[in-house]
Amino acid sequence: MHRTDTDLIYSNPHTQVKDFAFDAQVVEVFPDMISRSVPGYNTIIDTIGRLSQRFVQKKTSIYDLGCSLGAATLAIRKGITATNCQIISVDNSPAMVDRCKMHINAFKGDTPVEVIEGNIQDIKIENASMVVLNFTLQFIDKAERQSLINSIASGINSGGILVISEKISHNNSVIDEHLIDLHHDFKRANGYSELEVAQKRTALENVMRTDSIEQHITRLTKAGFKHVSPWFQCFNFVSFIAIK
């Protein structure tokens, strides 16, 4: 018998695999889905908390853009030592926002959190010492990514940080193929069937467009970040830090 929060969305054959969406069905199983699908996810979340301790400045704002259920938001709030700050968490999925508010309210913290339902591209970044895009940019239209990063950079104070975690692609097709295979092996080892792996990949094809490490670094540098580097990689999943 499976728990009700186990990800079984693609366990049965779909006549037509619809584009992936962060709807109520995904919300119910999201923690299980992401822990079994994204290698190193817990390490990334834990490190985002550690980075908030280092980089968040007093009397500033922190933005979690594409906050989903609030894992990064909670890690940030737990790590913050600076005073008189606020966290602004944004997601365009009503189901995610509703559940995120429940998660945030379940844990006490000194730093206030505002959870907003909206398009992250419509959010004006102001007086920020930290911004997080945790597996979010990959769902934004490629033609709009530079302008979004530019907007974020313009709202980050000197010495502030942007953390971006993404699934990536490689310019080398041989490397790309091997890393994709390793990722699929990771998912199989976590209990996903061949059918689930195949149908999930089909569902994501039209909604998630990946960039290379080089493209990310070029975009961040162009936006005005002085220090840019990947800090984590496992297979085709990478997290970057960009310091203003």
Side-chain angles (χ1 to χ4, degrees), residues 18-23 26-27 30 34 37-38 44 48 61-73 76 87-97 100 114-157 160-171 176 200-233 236-244:
K18 296 180 181 178
D19 286 350
F20 185 83
F22 293 97
D23 54 21
V26 168
V27 167
F30 189 70
I34 202 156
S37 301
V38 180
I44 292 171
I48 286 172
S61 296
I62 304 96
Y63 294 83
D64 183 6
L65 303 178
C67 62
S68 63
L69 298 184
T73 294
I76 290 166
I87 303 172
I88 299 165
S89 303
V90 186
D91 205 284
N92 65 358
S93 164
M96 283 288 186
V97 168
C100 180
E114 181 182 8
V115 183
I116 298 172
E117 179 189 330
N119 186 334
I120 64 170
Q121 294 166 277
D122 297 332
I123 302 298
K124 185 171 177 57
I125 308 300
E126 297 178 297
N127 186 34
S129 56
M130 183 174 190
V131 178
V132 172
L133 284 165
N134 206 34
F135 302 104
T136 300
L137 191 66
Q138 59 200 24
F139 294 105
I140 301 295
D141 189 290
K142 280 199 172 190
E144 300 171 3
R145 293 178 188 179
Q146 185 69 62
S147 62
L148 174 60
I149 297 301
N150 291 349
S151 176
I152 291 170
S154 67
I156 294 181
N157 300 338
I161 189 172
L162 169 62
V163 182
I164 298 183
S165 308
E166 291 276 288
K167 187 177 183 180
I168 60 156
S169 53
H170 288 263
N171 297 323
D176 207 36
K200 178 72 173 294
R201 186 176 188 180
T202 299
L204 286 168
E205 278 180 348
N206 294 324
V207 295
M208 186 174 72
R209 305 289 188 179
T210 57
D211 290 319
S212 67
I213 289 177
E214 293 78 14
Q215 286 173 307
H216 281 290
I217 291 175
T218 298
R219 184 184 294 125
L220 291 163
T221 303
K222 186 176 180 180
F225 288 99
K226 297 176 182 177
H227 311 284
V228 179
S229 178
W231 68 268
F232 173 90
Q233 180 173 359
N236 46 359
F237 292 82
V238 176
S239 189
F240 303 83
I241 54 173
I243 303 170
K244 185 82 176 287

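Quick caveat, the model's predicted, so the values are computed rather than measured.
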Verdict with supporting geometry, Leu65 and Ile125, side-chain contact (heavy atoms from CB on, under 4.5 Å): CA-CA 10 Å; Leu65 303 178; Ile125 308 300; 4.2 Å; yes
Lys244 side-chain N/O to Leu162 backbone N/O, donor-acceptor pair under 3.5 Å: no
Asn127 and Ser61: side chain donor to acceptor below 3.5 Å: no
Derivation and outcome, side-chain contact (heavy atoms from CB on, under 4.5 Å), residues Ile87 and Glu114: CA-CA 6 Å; Ile87 303 172; Glu114 181 182 8; over 6 Å; no
Side-chain (Glu166) to main-chain (Leu137) donor-acceptor, under 3.5 angstrom: yes
Derivation and outcome, side-chain contact (heavy atoms from CB on, under 4.5 Å), residues Val207 and Phe139: CA-CA 6 Å; Val207 295; Phe139 294 105; 4.2 Å; yes
Distance, nearest 0.5 Å, that separates NE2 of His170 from CD of Glu214: 8.5 Å
Test item: side-chain donor near acceptor, Thr73 and Asp64, under 3.5 Å: yes
Using a 3.5 Å cut-off and no angle test, enumerate the donor-acceptor pairs between side-chain atoms of residues 149-156 and protein atoms at least two apart in sequence or in another chain.
residue: Asn150; atom: OD1; partner: Gln146; partner atom: NE2; Å: 2.8
residue: Asn150; atom: ND2; partner: Gln146; partner atom: O; Å: 3.4
residue: Ser154; atom: OG; partner: Ser151; partner atom: O; Å: 2.7

Within-4.5 Å side-chain heavy-atom neighbours: Ile62 and Ile88: no
Test item: Asp91 side-chain N/O and Glu117 main-chain N/O as donor-acceptor pair under 3.5 Å: no
Gln138 (side chain) donor-acceptor with Arg209 (main chain) under 3.5 angstrom: no
Nearest-0.5 Å distance, CD1 of residue Ile116 to SG of residue Cys100: 11.0 Å
Check: Leu220 and Ile164 side chains under 4.5 Å, non-hydrogen atoms: yes
Spacing of Asn92 atom CG and Cys67 atom SG [to the nearest 0.5 Å]: 9.5 Å
Side chain to side chain, Tyr63 and Glu126, heavy atoms closer than 4.5 Å: yes
pair Val163-Asn134: side-chain heavy atoms closer than 4.5 Å: no
Any donor-acceptor N or O pair under 3.5 Å, side chains Asn236, Asp176: no
Value rounded to 0.5 Å, distance of CD1 in Ile123 from OG in Ser89: 10.5 Å
Results of salt bridge (charged side-chain N to carboxylate O under 4.0 Å, His left out) for Lys226 - residues two or more places apart only: none
Minimum heavy-atom distance Val90-Gly118, with the two atoms named: CG1-O, 3.6 Å
Side chains of Val238 and Ser165 in contact at under 4.5 Å (non-hydrogen atoms): no
Criterion side-chain contact (heavy atoms from CB on, under 4.5 Å) on Lys167 and Val38, from CA distance to verdict: CA-CA 9 Å; Lys167 187 177 183 180; Val38 180; over 6 Å; no
Non-hydrogen atoms of Val132 and Met130 that approach each other most closely: CG2-CE, 4.0 Å
Sub-4.5 Å side-chain heavy-atom contact between Ile241 and Phe232: no
Non-hydrogen atoms of Phe237 and Ser37 that approach each other most closely: CZ-O, 4.0 Å
Ser68 side chain near Ile34 side chain, heavy-atom distance below 4.5 Å: no
Under the side chain to side chain contact (heavy atoms under 4.5 Å, CB included) test, residues paired with Asp141 that sit two or more places apart: Ala143, Glu144
Ile213 side chain near Phe240 side chain, heavy-atom distance below 4.5 Å: yes
